[in-house]
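Inspection log for the structure reproduced underneath, given as structure tokens.
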Amino acid sequence: MFTRRWLRHLPAFFIHPVSVVKGYERGNFRGDLVASLTIAIMLLPQAIAYALIAELPPQTGLFAAVVAGIVGGLWGSSNHLHTGPTNTNSLIVLSGLLAVATPGTPEYILAAGVLAVWAGIVRLVMGLARLGMLVNFVSDSVVVGFTAGAGILIVVNQMRHIMRVDGVSTPAFFATMRNLVQQVGNIHPLSLEIGIACIVILVFISRFFPRVPGPLLILIGTTALVWIGGLHEAGVAVLGSIPRGLPPFQSLPLFDPDLLQELGPSIVAVALIGLIEAASISRAVAARSGQYLNNDQEFVGQGLANIAAGFFSGYPVAGSLTRSVVNYEAGARSQASAILSSTWVLVAMVLFAPAAAFLPRAALASILIVTGVKMVNYREALRIFRTSQGDSGVMVITFGATLLLPLEYAVLTGVLTSFARFIFTTSMPTVQAVLPKDDFKHFDYQPDKPVCPQLGVLSIMGSLYFGAAPYVEDSIRAHMEAYPEQRYLLLRMHRVNHCDISGIHMLETILRLYRQKGGDIFFVGLRNRVLDRMELSGFIELVGRENILSSDDAISHIFYRILSPAICVYQCSVRVWKECQSLPKSKKPIALPAEIDIAPTERVPSLLPQELWQLLNDPEEVRKLEIIDIREPSEYDQGHLRLAKSIPMARFFEGNEVEMPRDQDVILICRSGRRSHQLAYFYLLKGYSNVYNLEGGMMGLEIAALPKSGT
């Protein structure tokens, strides 16, 4: 059934561009056009700079920007997410490619395409399999920690281009720092001056003129400066020429086993971090725009964008936070903005590619250094530190792994740490003993309040799955040890959304433990999904449907039908429940025989109110009766049967045992028939066969409208 439904909806993922085109509204064009020009101004220098982070030719970044922007816009779900080269993605690509080839070689460029295609296939498969919800289980602190670490790595890697010193590109933090220190004596002063000046200008523009495209101005200004002043002849390293034309198709060794083995970890890392970034960025923008997102469709769009970028001479791409936010703020209304922005980049490539020959590497490095510093989100990191120790730990571990480990393993470390924290958290759901508040309308954790000696109430807040069941069982067992006198347990299950077979087995164990000591467990707040699992597993039949109670009358049901009233009156001095507020309490605790707590109903002789009525109206039978009211004197004074003697139940257990007449039928009466039931059973065990319990007690007599005096 699931397979047929999945296959039926599968084509919808691929024909998404049809709905994008058909659903386009003409009124959106002006906003999309303005936003696309704004994004193109950002994208052009970023595409070149980010490709250089991965030690790829600048045209590789431009080709990826053109292809990914168009494909991602057509097949993506978000109206504002912009897909293309990103800084973090480029750094992971660098880490992966250095393991298989030397930068600048044809093998290196082909490996970038293979990495893009296979990362795209992973994303595509996840989207088609409707696994978009999986990214929800990866904490945002992973992204914050990894992005901060990546920002620092970008800064230290680009310092060698500002200093114009020799060195091998590597995302290894300490190796890069050691090389920079060793090369201090070889700094090229003019390149350093250009780089520092560009950084100062970029910071100034960003601080005082945030709407001005600082990176584009830097590229234009420094290119003109090098060309006019002939600075490249003075040793300033320049970018070199960029080929014109459309992104060329390239044949890739997609099934080379040695290459795939070496790229395997990087493929997974690029796919995962890209999906996490795309999902979190699109979710953040959608929170402002109000758009409903389809994560699965977005995964498909990201997958196809990477596959296309790989085949058309690009490299792995992902969603960009800065471009996506600017896209929204610039007035974009639909995916057309992303498509148009990539088109403008293609036009710029064709028209202005020769000018890149004079673009100084120091200027590009300055742009990346400023970007890298901004990637360290100090404000968000402090916010995480203040709000969550668990998220703080995940963030710090991911940050440290980014600086110390190969980046593909750093990403996996962060993701696995996030998953471990999720498992740790969900495997220890909150299990609290709760008591009614003063208004008796709500239950709350109140450890300083006295507890009921017969009934414990526990709230379970979390799923009862295989990972959590042992912890919940341990918590309930600890409660049993802390309150061994409590033979009854009410489990509040309002916040239990899921219960698997391990949870069922755990509940069966707890049920068995309570019943072994003569008690029982009850449930309240069962959700339909959990109740269905209990039905299918046979647990409902085991526990009894009568033990599944409603929230409104659960305590009343247990109090009036299950708990021992003798304990309430003669052994308990607290008034925990609303039902025991008006209950008389003995001033002196009385020791009660343990056997009366489990008095079986079927063994105790009893009379119905109607049967007593008939006896009372027969003069001969009345003379054979001894009617004893075992309630407290205050209860007796409020109303009693005319012929009933008042002998409080405590008198029967104070040491001087009350002898029952054996030549008369003795009828015991209490408020509801439960205390008298226990006392009748006590005398039954002593060999009396003429002691009867009046079922329903005085409440039963009132319902039957039998005469009584003293009211």
Side-chain angles (χ1 to χ4, degrees), residues 37 39-70 83-87 89-90 93-94 97 102-113 116 158 161 164 169 191 194-195 198 213 215-233 236-250 308-317 320 323 341-368 371:
L37 290 169
I39 293 302
I41 292 173
M42 293 180 62
L43 181 58
L44 185 62
Q46 285 185 353
I48 297 173
Y50 294 161
L52 296 179
I53 291 178
E55 290 295 321
L56 288 164
Q59 63 267 24
T60 305
L62 293 170
F63 293 154
V66 172
V67 175
I70 295 173
T83 303
T86 66
N87 39 29
N89 212 45
S90 299
V93 171
L94 171 65
L97 295 184
T102 303
T105 63
E107 293 78 14
Y108 190 87
I109 298 173
L110 286 177
Q158 294 304 310
H161 293 296
R164 216 216 72 178
S169 295
S191 296
I194 292 175
C198 290
L216 185 64
L217 293 181
I218 287 294
L219 295 187
I220 295 174
T222 55
T223 299
L225 180 66
V226 171
W227 177 51
I228 295 173
L231 301 183
H232 57 292
E233 297 177 357
V236 174
V238 293
L239 189 62
S241 61
I242 297 177
R244 294 181 174 182
L246 297 174
F249 180 86
Q250 62 179 352
F311 278 119
F312 286 94
S313 302
Y315 77 114
V317 294
S320 166
R323 295 197 300 270
S341 66
S342 295
T343 305
W344 299 134
V345 171
L346 179 61
V347 171
M349 282 179 58
V350 174
L351 297 179
F352 306 112
F358 298 98
L359 178 59
R361 289 294 302 266
L364 283 169
S366 70
I367 295 173
L368 291 173
T371 301

Legend entry - side-chain contact (heavy atoms from CB on, under 4.5 Å) partners for P57, two or more places apart: Q59, T60, I109
Legend entry - Smallest separation among heavy atoms of P316 and A112, with atom names: CD-O, 3.6 Å
Legend entry - Single hit among L359, T222, I218, V238 for side chain to side chain contact (heavy atoms under 4.5 Å, CB included) with L364: L359
Inset, instruction - Would you check if the side chain of S313 reaches a backbone N or O of P248 as a donor-acceptor pair within less than 3.5 Å? - result: yes
Legend entry - N/O donor-acceptor pair under 3.5 Å between Q250 side chain and G310 backbone: yes
Inset, instruction - Can you sort out the partners of R164 under side chain to side chain donor-acceptor pair (under 3.5 Å), two or more places apart, ordered by chain and number? - result: none
Inset, instruction - Answer yes or no: is there a side-chain heavy-atom contact under 4.5 Å between L97 and E55? - result: no
Legend entry - Main-chain N/O of T105 paired with T102 side-chain donor or acceptor, under 3.5 Å: no
Legend entry - Qualifying residues under side-chain contact (heavy atoms from CB on, under 4.5 Å), relative to S90, sequence neighbours excluded: Y50, I53, A54, Y315
Inset, instruction - Please list, chain by chain and in numerical order, all residues satisfying side-chain contact (heavy atoms from CB on, under 4.5 Å) with F311, sequence neighbours excluded. - result: V117, F249, L252, L254, I307
Show me the donor-acceptor pairs, under 3.5 Å and distance only, between side chains in residues 342-356 and residues at least two apart or in other chains.
residue: S342; atom: OG; partner: A65; partner atom: O; Å: 3.0
residue: S342; atom: OG; partner: A338; partner atom: O; Å: 3.4
residue: T343; atom: OG1; partner: I339; partner atom: O; Å: 2.9
residue: W344; atom: NE1; partner: S36; partner atom: OG; Å: 3.0

Legend entry - Closest contact, heavy atoms only, S191 versus A237: OG-N, 4.5 Å
